[in-house]
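Quick notes on the structure that follows.
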Amino acid sequence: TFISGVTLKDALEVSSRYDDYPSVYKPIVASALLSHNENTYRVLMRIEESAGGFSAVLDVTSRVQYFQPDSRSVYSISNSEEIRELRDAGTAKERQLSPGHDSGYLWRAAAFTHMVERDGGVFVEMETIGLSRGFPTLLSWIIEPIARRVGRSSVERSLQEFSAAVRKRSPA
């Protein structure tokens, strides 16, 4: 996507303010910066997703690294360190499910984001990889196409929400 009238600095400010993510991204209901050392961040995000009658609440701990090869471009690589599905999230009965004893909705995730400032704005490119555990054979023909659509629409929505947040913060 292209965000007109903003700078790379504007985009980086939104991208690296992890505590603000719940006000930027609809599926993220809570977010906390666990640690920050130079260009590396560790973040915990609580994500609620639903599609096709299925919903999940996940606590995702990720390591995000930023690289700036020159003054006009930045790329980041985000890798999940741990993804835990929750039952009864937000209630007194809340509990994390053990890996392998959850729905397998999202087992591992990675995101690659590249931002370049030029032509009066910032170009943003994002690629994501999400791995799920195998679905039961009888249900896979229904679940797999839904999972693919959810992945694509999630990236599109994330780019739209990111663009809106950068425009809102930009003084231009």
Side-chain angles (χ1 to χ4, degrees), residues 1-51 55-86 89-90 96 105-132 147-172:
T1 192
F2 180 70
I3 312 170
S4 180
V6 302
T7 66
L8 183 59
K9 182 181 176 191
D10 298 328
L12 277 172
E13 283 183 22
V14 171
S15 178
S16 63
R17 291 185 188 225
Y18 294 99
D19 291 337
D20 293 343
Y21 272 31
S23 65
V24 173
Y25 301 101
K26 186 179 178 191
I28 299 175
V29 296
S31 180
L33 177 63
L34 302 175
S35 67
H36 174 214
N37 183 12
E38 295 182 15
N39 70 337
T40 302
Y41 297 76
R42 284 193 68 247
V43 184
L44 173 62
M45 290 181 265
R46 178 161 291 182
I47 302 170
E48 288 184 12
E49 281 285 351
S50 61
S55 62
V57 178
L58 306 170
D59 278 347
V60 180
T61 304
S62 297
R63 179 176 177 231
V64 185
Q65 291 183 280
Y66 288 82
F67 304 92
Q68 190 161 9
D70 57 59
S71 64
R72 300 181 73 70
S73 69
V74 169
Y75 67 93
S76 67
I77 300 172
S78 172
N79 286 300
S80 63
E81 294 179 339
E82 181 179 57
I83 299 175
R84 299 290 296 271
E85 187 172 339
L86 299 159
Q96 286 186 333
Y105 176 71
L106 186 63
W107 179 60
R108 288 287 180 259
F112 309 92
T113 305
H114 185 217
M115 297 182 276
V116 178
E117 182 179 340
R118 72 172 204 237
D119 300 333
V122 175
F123 288 91
V124 182
E125 178 182 14
M126 180 187 291
E127 295 182 50
T128 63
I129 298 172
L131 300 177
S132 60
R148 281 192 207 94
R149 278 195 307 274
V150 167
R152 277 192 288 278
S153 64
S154 177
V155 171
E156 290 172 5
R157 184 183 61 233
S158 293
L159 284 170
Q160 291 167 353
E161 292 168 338
F162 178 73
S163 297
V166 173
R167 283 188 187 100
K168 184 177 176 182
R169 288 196 194 255
S170 175

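Positions are given from 1, in the same order as the sequence printed here.
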**OP:** Report the distance from atom CZ of Arg118 to atom CZ of Phe2, rounding to the nearest 0.5 Å.
**Re:**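 With rounding to 0.5 Å, CZ (Arg118) is 8.5 Å from CZ (Phe2).
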**OP:** Measure the spacing between CD of Gln68 and OG of Ser76 and express it to the nearest 0.5 Å.
**Re:**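 Interatomic distance, Gln68 CD to Ser76 OG, rounded to 0.5 Å: 12.0 Å.
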Please report the shortest heavy-atom distance between [X] and [Y], naming the atom on each side.
| X | Y | answer |
| --- | --- | --- |
| Leu8 | Ser71 | CD2-O, 3.7 Å |
| Ser4 | Arg167 | N-NH2, 4.3 Å |
| Arg46 | Ala89 | NH1-CB, 4.4 Å |
| Ser163 | Thr1 | OG-CG2, 3.6 Å |
| Met45 | Ser31 | CG-OG, 3.5 Å |
| Asp70 | Arg72 | OD1-N, 2.9 Å |

Heavy-atom donor-acceptor pair, [X] side chain to [Y] backbone, under 3.5 Å:
| X | Y | answer |
| --- | --- | --- |
| Glu161 | Lys26 | yes |
| Arg63 | Arg42 | no |
| Asp19 | Leu33 | yes |
| Ser15 | Ala11 | no |

Subject >> Counterpart residues, side chain to side chain contact (heavy atoms under 4.5 Å, CB included), relative to Lys9 (two or more places apart) >> reply: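 Testing Lys9 for side chain to side chain contact (heavy atoms under 4.5 Å, CB included), a comparison that skips the adjacent residues, returns Thr7, Glu13.
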**OP:** Would you please name every residue forming a side chain to side chain contact (heavy atoms under 4.5 Å, CB included) with Glu38, sequence neighbours left out?
**Re:** none
Original post:
Within a strict 4.5 Å, meaning less than it, do heavy atoms of the Met115 and Leu12 side chains meet?
Top reply: yes
Subject >> Phe112 and Thr128, any side-chain heavy atoms less than 4.5 Å apart >> reply: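 The answer is no, as the side chains (C-beta and beyond) never meet within the 4.5 Å cut-off.
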**OP:** Give the ring-plane orientation class for His114 versus Tyr75, where under 30° counts as parallel, over 60° as perpendicular and anything between as tilted.
**Re:** perpendicular
**OP:** List for me each residue that meets ring-ring contact (aromatic ring centres under 6.0 Å, His included) alongside Tyr41, sequence neighbours excluded, and say none if there are none.
**Re:**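 Partners of Tyr41 under the ring-ring contact (aromatic ring centres under 6.0 Å, His included) test: Tyr18, His36, Tyr66.
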**OP:** Before giving the answer on side-chain contact (heavy atoms from CB on, under 4.5 Å), spell out for Asp10 and Arg169 the whole-Å C-alpha distance, their side-chain angles and the decisive distance to 0.1 Å.
**Re:** CA-CA 7 Å; Asp10 298 328; Arg169 288 196 194 255; 5.9 Å; no
**OP:** For side-chain contact (heavy atoms from CB on, under 4.5 Å), just list the numbers for Phe67 and Val74, CA-CA rounded to whole Å, side-chain angles, deciding distance to a tenth of an Å, and then say yes or no.
**Re:** CA-CA 6 Å; Phe67 304 92; Val74 169; over 6 Å; no
Subject >> Donor-acceptor side-chain pairing of Asn37 and Thr40 below 3.5 angstrom >> reply: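 Result is no, nothing qualifies.
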**OP:** Using side chain to side chain contact (heavy atoms under 4.5 Å, CB included) as the criterion, point out the one residue from Ile28, Val57, Leu86, Leu58 that pairs with Glu48.
**Re:**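 It is Val57, the one option of Ile28, Val57, Leu86, Leu58 that forms the side chain to side chain contact (heavy atoms under 4.5 Å, CB included) with Glu48.
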Original post:
Which is it for Arg84 and Glu82 under the salt bridge (charged side-chain N to carboxylate O under 4.0 Å, His left out) test, yes or no, and what are the steps along the way?
Top reply: CA-CA 7 Å; Arg84 299 290 296 271; Glu82 181 179 57; 3.5 Å; yes
Subject >> Trace of the side-chain contact (heavy atoms from CB on, under 4.5 Å) decision for Val124 with Phe162 >> reply: CA-CA 9 Å; Val124 182; Phe162 178 73; 4.0 Å; yes
**OP:** Test Val60 against Leu44 for side-chain contact (heavy atoms from CB on, under 4.5 Å), laying out the working first.
**Re:** CA-CA 6 Å; Val60 180; Leu44 173 62; 5.9 Å; no
